Amino acid sequence: MASLNVYSVLVVLFLTCGVVMATKGNDQIIKESNCETKMGLPCVLEAFTSIFNTGSISNKCCGELVVLGKVCHSALVKRTLENPLFKDLNPATIIAKSIQTWNNFLALIDSPSPSA
């Protein structure tokens with residue numbers, strides 16, 4: 001439970017202060033695409049935990065992430081990796097996990113849903 005609170009604080013910090021730490025390229029993409037306004041905070045937390053730690057993501061948040069778009073998804077992950085709080089993470093591993101997460105979400109969205 002405490003780790004979820006830590007992640008919540010980190011995500012809020014990342015969303016509010018990340019512009020200062022971002023490279024111009026990622027920051028420009030995020031700003032021009034309004035990336036930070038396309039997902040609700042609960043889904044941001046689920047996606048963040050899924051990519052940067054271990055966890056799962058709900059179908060609802062999966063849908064929000066796909067609406068966010070791959071460009072925003074990639075830019076936000078890369079900007080997070082630039083944050084000094086995450087300097088001990090292996091960027092190649094996180095980016096690979098991010099791509100895998102994105103592909104899994106697309107497969108869920110594209111798969112036919114069972115009839116009710």
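Residue numbers run from 1 in the order of the sequence given. Given the structure is predicted, the values throughout are model-derived calculations rather than measurements.
Asn53 is not listed as a side-chain neighbour of Phe48, based on a closest heavy-atom distance of 4.5 Å or more. The shortest side-chain heavy-atom distance between Thr54 and Thr49 does not fall under the 4.5 Å cut-off. In this structure the side chain of Leu81 reaches within 4.5 angstrom of the side chain of Ile95, judged on heavy atoms. Residues Asn104 and Thr101 are not in side-chain contact: their nearest non-hydrogen atoms beyond the backbone lie 4.5 Å or more apart.
At a threshold of 4.0 Å, the pair Lys87-Glu82 does not count as salt-bridged, since none of the basic side-chain nitrogens sits closer than that to a carboxylate oxygen.
Side chain of His73 to backbone of Ser98: a donor-acceptor contact under 3.5 angstrom is found. Not a single donor-acceptor pair under 3.5 Å links the side chain of Lys70 to the backbone N or O of Ile99. In this structure a side-chain-to-backbone donor-acceptor pair under 3.5 Å is present from Glu64 to Gly40.
Here the shortest heavy-atom pairing between Ser58 and Glu46 reads N-OE1, 2.6 Å. Summarising the geometry of Ile94 relative to Ile51, their closest heavy-atom pair is CD1-O, 3.7 Å, with the distance given to 0.1 Å. Shown here for Ser50 and Lys97, the closest heavy-atom pair between the two residues is O-CE, 3.0 Å. When all heavy atoms are compared, the tightest approach of Ala47 to Met39 is CB-CE, 4.4 Å.
In this structure, NZ on Lys78 lies 10.5 Å from CD1 on Ile30, to the nearest 0.5 angstrom. With rounding to the nearest 0.5 angstrom, the CG atom of Leu68 is 10.5 Å from the SG atom of Cys43.
Aromatic ring orientation, Phe52 versus Phe86: tilted (interplanar angle from 30° to 60°).
Note: the hydrophobic cluster containing Val67 does not contain Trp102 (ILVMFWY, side chain heavy atoms under 4.5 Å, direct or indirect links).
Checking each of Leu76, Asn26, Val71 against Cys35 for a side-chain contact (heavy atoms from CB on, under 4.5 Å) leaves exactly one that passes, namely Leu76.
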